[in-house]
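Proteins get letters first, then strands, A, B, ... in listed order; numbering begins at 1 in each.
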Number of protein chains: 2
Amino acid sequence: MNAHRKGPTAADVARAAQVSTATVSRAFNNPEKVAADVRDRVLRVAKQLGWFPHPAGAALASRRSWLIGAVIPTLDNDVFARQVAALQARAMQEGMTVLIGSFNYDPEQSLAHVRTMLARGVEALAIVGESHPPELFQMIEARGIPYVLTYGWRPDIAHPAIGFDNACAYARITRHLLDLGHERFGVIHQPLHNNERVGQRLLGIRQALAERGLGLRPRHVVEGPARLEFGAAGLERILAAEGPVPTAIICGNDALAIGALHAARARGLNVPRDLSITGFDDSEIAAWTEPPLTTYAVDYAAIGQRAAEYLLARLEGRAADVLGAVGGGLVVRTSTAPPPG
Amino acid sequence: MNAHRKGPTAADVARAAQVSTATVSRAFNNPEKVAADVRDRVLRVAKQLGWFPHPAGAALASRRSWLIGAVIPTLDNDVFARQVAALQARAMQEGMTVLIGSFNYDPEQSLAHVRTMLARGVEALAIVGESHPPELFQMIEARGIPYVLTYGWRPDIAHPAIGFDNACAYARITRHLLDLGHERFGVIHQPLHNNERVGQRLLGIRQALAERGLGLRPRHVVEGPARLEFGAAGLERILAAEGPVPTAIICGNDALAIGALHAARARGLNVPRDLSITGFDDSEIAAWTEPPLTTYAVDYAAIGQRAAEYLLARLEGRAADVLGAVGGGLVVRTSTAPPPG
DNA sequence: CGATGTGATGTAAGCGCATACATACCCCGT
DNA sequence: ACGGGGTATGTATGCGCTTACATCACATCG
């Protein structure tokens, strides 16, 4: 690979503008320290020569990379995309740029991403979730850079984190259904593997049920990919189970819920009269399904924005009171109703 | 900001391993050039000291940043997210990392992103669309780095590009409807502003219509944000127009089409019996709407992957025959049918 | 057995910039 | 007119690494 083209250097600009390289550097980085006429001359010459500070030289001398790393499961999910977009917007205001790595729910890959990001000199890291190899956190600690976990948050979490309490959120959904009078529940959820958030959610459901002396039957809990297709297949499977069938189905996200909605209709069931179904995330389409979906909204943009806030503050040695839970809440539409009979 | 922590340097490792810094560097970058025992010793000492090559030093000395820039309209859209994910996956195989910038259909922002990316030392750039200030392309040319435009592609495009021909794609959709017997068409499309692809699409529709001696009435063409809500509002507006109303509605993407589907149902129209509606992108949900949506699939992942291929090849001075059109085609489902009567 | 080649390692020169420190200059007060 | 203090600019060093080149040990072969 020969990626290099020899361009002009600060020295060339200095010579052409009849100043020293120090003044060239100052004209770019501390304009107020340079007399207006000199600065203008330098900037003009630089533009003419097509020069601007070479990042590696600048990074080396100033010991700053102006890079923040964001490690997320996948970009193919609005939830993370929104978060990253907000992080990036805020970071850009401070002149920092964001490096994104998607790890596809694979701890190997998250480790690899953190490794290369550190090798690229990121000054801070935002990472989705807790399910990562201990080595990942050790590497970060060893580097001594600020980091923050995003998406999930729990009162007893062992890292700086910004997000929402998955257990609480799903307990909230469950109580909504309990209050409507439901007693038999089904759950269609994402893979538990390497995703502590999903475990938290099941926990939240189970706790809310336990409060009323209820429980979840294993045959009414199905796990699979977070896609419409599995939402449909999952509901089929639950309804095919032995014995009395659930009257309420709690889904891991809106896509699963929409799939379930379809499967229910295909079986001639009326939602919500015969079966209540809930989603999660309050995606755009949730308001437009037939019937409109009861779901749970989380302010994902706030997660990204506050994560940026936190990291920026840490980099400046400031304190920032932004860790913890972000806003969110149940959005009741018409896919939930009292159970039949 | 004090982002710096003084860590060990190559010299520390060299000393501890009783070799020169050159050998340390080689042990990391050209392991095969170092005797096995020495290499192991160096790597062990390095790990023990928690050292690895400082990126800025490495970048400065080797004149490589291993960075590729991706400039896209927004991450909030699956279409671009998929493309970026593929680009990134391919780039990572070669040890390069991808810097992402979303410009929100604002040329100012795309310019700003390219500027900071160049300042970060990216070695190549992938950019969505042609609607950017000339200055943007000048900056890239001045830097002399490879770049490729993605998403849109035309036979007469003036840049290296990978994507699909928006005009052809929409002509194809239009002909499908023409073949079904439609003669009056409506269009619900995204903002034309700073988005040459949308203009291309309208062009394609008009050309296909012209071939059969037909045209588009201005009052049957509405422009607005690419959201469900506007899909619905747009259809309302078209149906409220004076005179005979369209029997086929061509939408700029699946979200608009789904919105239109809803509005049609709300007005008591049966799709496709009373009205045909088409989408674009073949998003996951398109197969699950009521009725399932006729739409147009584009292999967005291939765009990202081939863009990476092209840039990588250029960086290595190789030729790569990947520019041009990617796969795609009409997906006929049941939201289209012959016009009523 | 000495000339020559080969592979492993060391030496040292930058890579392009920021910045602490030194210097020159100017303004002002006295 | 002179000194003090502030401001604009220059000087020179080093950031941490890679790599061309020099060197050295050793094996090979005529």
Side-chain angles (χ1 to χ4, degrees), chain A residues 1-43 45-46 49-66 95 118-121 123 143, chain B residues 1-43 45-46 49-66 95 118-121 123 143:
Chain A
M1 303 219 186
N2 65 337
H4 193 57
R5 267 176 6 88
K6 208 161 170 46
T9 74
D12 296 326
V13 176
R15 199 172 316 116
Q18 316 201 50
V19 295
S20 70
T21 60
T23 300
V24 173
S25 172
R26 280 191 285 258
F28 275 76
N29 304 313
N30 297 87
E32 76 283 359
K33 300 226 160 204
V34 175
D37 56 334
V38 177
R39 183 189 18 193
D40 293 347
R41 177 154 39 95
V42 171
L43 295 181
V45 169
L49 264 55
W51 178 89
F52 53 83
H54 183 114
L60 185 52
S62 65
R63 280 154 256 193
R64 291 281 260 134
S65 69
W66 299 94
L118 290 178
R120 293 261 173 293
E123 298 178 15
R143 199 61 162 251
Chain B
M1 302 218 185
N2 66 337
H4 193 58
R5 265 176 11 86
K6 208 161 170 44
T9 73
D12 297 326
V13 176
R15 200 171 317 116
Q18 316 201 52
V19 295
S20 69
T21 59
T23 299
V24 172
S25 173
R26 280 192 285 256
F28 274 76
N29 303 314
N30 298 88
E32 76 284 0
K33 300 224 159 204
V34 175
D37 56 334
V38 177
R39 179 186 358 147
D40 292 348
R41 178 152 39 97
V42 170
L43 295 181
V45 169
L49 265 53
W51 178 89
F52 54 84
H54 184 115
L60 184 53
S62 66
R63 281 153 256 193
R64 291 280 261 135
S65 69
W66 299 95
L118 291 177
R120 292 262 172 293
E123 299 179 15
R143 199 60 162 250

How many whole angstroms separate atom [atom1] of [X] from atom [atom2] of [N]?
{"X": "A:His54", "N": "D:dG16", "atom1": "NE2", "atom2": "C1'", "result": "14 Å"}
{"X": "A:Leu60", "N": "C:dC15", "atom1": "CG", "atom2": "P", "result": "13 Å"}
{"X": "A:Phe28", "N": "C:dA18", "atom1": "CZ", "atom2": "P", "result": "9 Å"}
{"X": "A:Arg64", "N": "D:dC15", "atom1": "CZ", "atom2": "P", "result": "19 Å"}
{"X": "B:Asp12", "N": "D:dG16", "atom1": "CG", "atom2": "P", "result": "9 Å"}
{"X": "B:Asn30", "N": "D:dT19", "atom1": "CG", "atom2": "C1'", "result": "10 Å"}
{"X": "A:Trp66", "N": "C:dA18", "atom1": "CH2", "atom2": "C1'", "result": "13 Å"}

Tell me every residue that passes side chain to side chain contact (heavy atoms under 4.5 Å, CB included) with [X], counting only those two or more places apart in sequence or in another chain.
{"X": "B:Ala58", "answer": "none"}
{"X": "A:Ala56", "answer": "A:His54, B:Ala59, B:Leu60"}
{"X": "B:Ala22", "answer": "B:Ser20, B:Arg26"}

- Message: With each end axis built from five pairs of C1' atoms, what bend angle do you get for the helix from C:dC1-D:dG30 to C:dT30-D:dA1? Round to 10°.
- Response: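 What I find for the helix from C:dC1-D:dG30 to C:dT30-D:dA1 is an axis angle of 40°.
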- Message: Going by side chain to side chain donor-acceptor pair (under 3.5 Å), name the residues that satisfy it together with B:Arg120, two or more places apart in sequence or in a different chain.
- Response: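 Counting only residues at least two positions away or on another chain, B:Arg120 forms a side chain to side chain donor-acceptor pair (under 3.5 Å) with A:Thr97.
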- Should A:Ser25 be listed as having a side-chain N or O under 4.0 Å from OP1 or OP2 of C:dA18?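 For C:dA18, OP1 or OP2 has a side-chain N or O of A:Ser25 closer than 4.0 Å.
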- Message: Can you see if the side chain of B:Ser62 gets near the phosphate of D:dT18 - specifically, an N or O under 4.0 Å from OP1 or OP2?
- Response: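 Checking B:Ser62 against D:dT18: no side-chain N or O falls below 4.0 Å of OP1 or OP2.
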For nucleotides 8-10 of chain D, list the nitrogen or oxygen atoms of the protein found under 3.5 Å from its nitrogen or oxygen atoms, one pair per line.
{"residue": "D:dT9", "atom": "OP2", "partner": "A:Ala35", "partner atom": "N", "Å": "2.9"}
{"residue": "D:dG10", "atom": "OP2", "partner": "A:Ser20", "partner atom": "N", "Å": "2.8"}
{"residue": "D:dG10", "atom": "OP2", "partner": "A:Ser20", "partner atom": "OG", "Å": "3.1"}
{"residue": "D:dG10", "atom": "OP2", "partner": "A:Thr23", "partner atom": "OG1", "Å": "2.6"}
{"residue": "D:dG10", "atom": "N7", "partner": "A:Arg26", "partner atom": "NH2", "Å": "2.8"}
{"residue": "D:dG10", "atom": "O6", "partner": "A:Arg26", "partner atom": "NH1", "Å": "3.3"}

- Query: For the side chain of A:Glu123 and the backbone of A:Arg64, is there at least one donor-acceptor N/O pair under 3.5 Å apart?
  - Reply: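 Judged by distance alone, no pair lies under 3.5 Å.
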- With sequence neighbours left out, which residue pairs that include part of residues 7-19 of chain B fulfil the salt bridge (charged side-chain N to carboxylate O under 4.0 Å, His left out) condition?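 Those involving residues 7-19 of chain B are B:Asp12-B:Arg15.
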Between protein and nucleotides 23-25 of chain C, what N or O pairs are separated by less than 3.5 Å?
none

- Locate the shortest heavy-atom distance separating A:Val42 from A:Val13; write the atom from each residue and the value.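 Nearest pair, atom of A:Val42 first, then A:Val13: O-CG1, 4.2 Å.
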Please list, one pair per line, the donor and acceptor atoms closer than 3.5 Å that link side chains of residues 27-39 of chain A to other protein atoms, with sequence neighbours excluded.
{"residue": "A:Asn29", "atom": "ND2", "partner": "A:Ser25", "partner atom": "O", "Å": "3.2"}
{"residue": "A:Asn29", "atom": "ND2", "partner": "A:Ser25", "partner atom": "OG", "Å": "3.3"}
{"residue": "A:Arg39", "atom": "NH1", "partner": "A:Pro31", "partner atom": "O", "Å": "3.3"}

